[in-house]
Amino acid sequence: MTVPARAALVAVASLLAPGVPQVAEHAAAAFDDQDAFLRAHAARLDERGIDEPFPLLPWIALVDVLTDHGLLAEFDWKEDPGEIVGGLRALRSAPAGDDPWTSLATSELSTYDFLEHAGNRLHDNGTALVVLDIESDCYPLVLVPAERGDELVGLASAAGFAAEVLRRPS
């Protein structure tokens with residue numbers, strides 16, 4: 001049995017923001033009526049150059065509301081590893097204790113290589129580093145328990161969007 005796209009989107013939002021129903025409501029509103037959502041959030045969407053309905057709008061809405069709730073950090077494709085570490089540390093979903101990726105903060109790795117290495121270290125410590133693909137030159141990143149990473153990817157796909165658990169192939 002396949003999960004309808006809207007239900008899958010709400011499930012993604014609930015997985016990423018447990019106990020914060022406003023996140024799912026926001027994403028669902030963008031899914032249900034894009035025109036009304038665009039009118040209600042015109043200023044915010046204008047920052048992304050969005051002024052008309054398009055298929056990724058609910059996913060963008062989810063990214064924005066997760067950011068608002070401290071559950072997503074978005075980085076440029078050429079971001080400094082230290083900035084990424086700082087942004088991930090600040091997330092409400094960041095693992096407690098010592099960061100498994102701290103020693104990578106001063107590396108000379110490209111952004112994507114850094115994210116793969118950090119993803120490996122996080123995964124080894126029970127956390128999945130996941131990018132929500134918004135078809136842009138940035139990385140919207142979330143952290144979830146490692147055992148839920150594949151579930152997140154599957155739900156995103158069922159909703160019509162893409163997510164990827166970042167790990168360097170062994």
Under the side chain to side chain contact (heavy atoms under 4.5 Å, CB included) criterion, do Leu91 and His69 qualify, and how do the steps go? CA-CA 9 Å; Leu91 294 178; His69 286 276; over 6 Å; no
Glu74 and Cys138 have their tightest heavy-atom pair at OE2-SG, 3.0 Å
Work out which heavy atom in Leu71 is nearest to a heavy atom in Ala17; give both atom names and the distance. CD1-CB, 3.6 Å
Ignoring hydrogens and angles, tell me if any N or O in the side chain of Glu83 forms a donor-acceptor pair with the backbone of Asp80 under 3.5 Å. no
Counting N and O atoms only, with roles assigned by atom type, does the side chain of Thr111 sit under 3.5 Å from a partner on the main chain of Glu79, one being a donor and the other an acceptor? yes
Could you tell me which non-hydrogen atom of Leu16 sits nearest to which non-hydrogen atom of Pro18, and how far apart they are? C-CD, 3.4 Å
To the nearest 0.5 angstrom, please state how far the OH atom of Tyr112 sits from the CH2 atom of Trp77. 15.0 Å
Hydrophobic clustering (ILVMFWY, side-chain heavy atoms < 4.5 Å, transitive) - are Val131 and Leu66 grouped together? no
Main-chain N/O of Val63 paired to Thr67 side chain as donor or acceptor, under 3.5 Å: yes
Out of curiosity, does Val12 fall in the hydrophobic cluster containing Val153 (side-chain heavy atoms, cut-off under 4.5 Å, transitive links)? yes
Nearest 0.5 Å, please: how far is CZ in Arg48 from OG in Ser136? 7.5 Å
Is it true that, when you exclude Glu52 itself, more than 12 heavy atoms of the residues, nucleotides or ligands shown sit nearer than 6.0 Å to its CD? no
Is Leu129 reachable from Phe75 through a run of I, L, V, M, F, W or Y residues, each pair having side-chain heavy atoms under 4.5 Å apart? yes
To the nearest 0.5 Å, what is the distance between OG (Ser157) and CD (Glu164)? 13.0 Å
Looking only at heavy atoms, which two atoms of Pro58 and Leu9 are closest? And how far apart? CB-CD2, 3.7 Å
When rounded to the nearest 0.5 Å, the distance separating CG of Asn120 from CG of Asn125 is 11.0 Å
With a cut-off of 3.5 Å and sequence neighbours excluded, list every side-chain donor-acceptor pair involving residues 25-41.
{"residue": "Asp32", "atom": "OD1", "partner": "Arg6", "partner atom": "NE", "Å": "2.6"}
{"residue": "Asp32", "atom": "OD2", "partner": "Arg6", "partner atom": "NE", "Å": "3.2"}
{"residue": "Asp32", "atom": "OD2", "partner": "Arg6", "partner atom": "NH2", "Å": "2.9"}
{"residue": "Asp33", "atom": "OD1", "partner": "Asp35", "partner atom": "N", "Å": "3.4"}
{"residue": "Asp33", "atom": "OD1", "partner": "Ala36", "partner atom": "N", "Å": "3.1"}
{"residue": "Gln34", "atom": "OE1", "partner": "Phe54", "partner atom": "N", "Å": "2.9"}
{"residue": "Gln34", "atom": "NE2", "partner": "Phe54", "partner atom": "O", "Å": "3.1"}
{"residue": "Arg39", "atom": "NH1", "partner": "Asp35", "partner atom": "O", "Å": "3.4"}

Closest contact, heavy atoms only, Val85 versus Phe114: CG2-CZ, 3.6 Å
Mind listing the closest non-hydrogen atom pair of Leu56 and Ile134 along with its distance? CD1-O, 3.7 Å
Distance check, rounded to the nearest 0.5 Å: Thr127 atom OG1 versus Arg148 atom CZ? 13.0 Å
If you group Ile, Leu, Val, Met, Phe, Trp and Tyr by side-chain heavy-atom gaps below 4.5 Å, do Leu45 and Trp59 land in one group? yes
Could you tell me whether the side chain of Arg44 and the main chain of Asp64 form a donor-acceptor pair under 3.5 Å? yes
According to a hydrophobic-cluster definition based on side-chain heavy atoms being under 4.5 Å apart (Ile, Leu, Val, Met, Phe, Trp, Tyr only), do Leu88 and Leu166 belong together? yes
Name the one of Val130, Leu115, Leu72, Leu132 that satisfies side chain to side chain contact (heavy atoms under 4.5 Å, CB included) with Leu141? Leu115
Could you give the distance from CD (Glu116) to CZ (Arg167), rounded to the nearest 0.5 Å? 10.5 Å
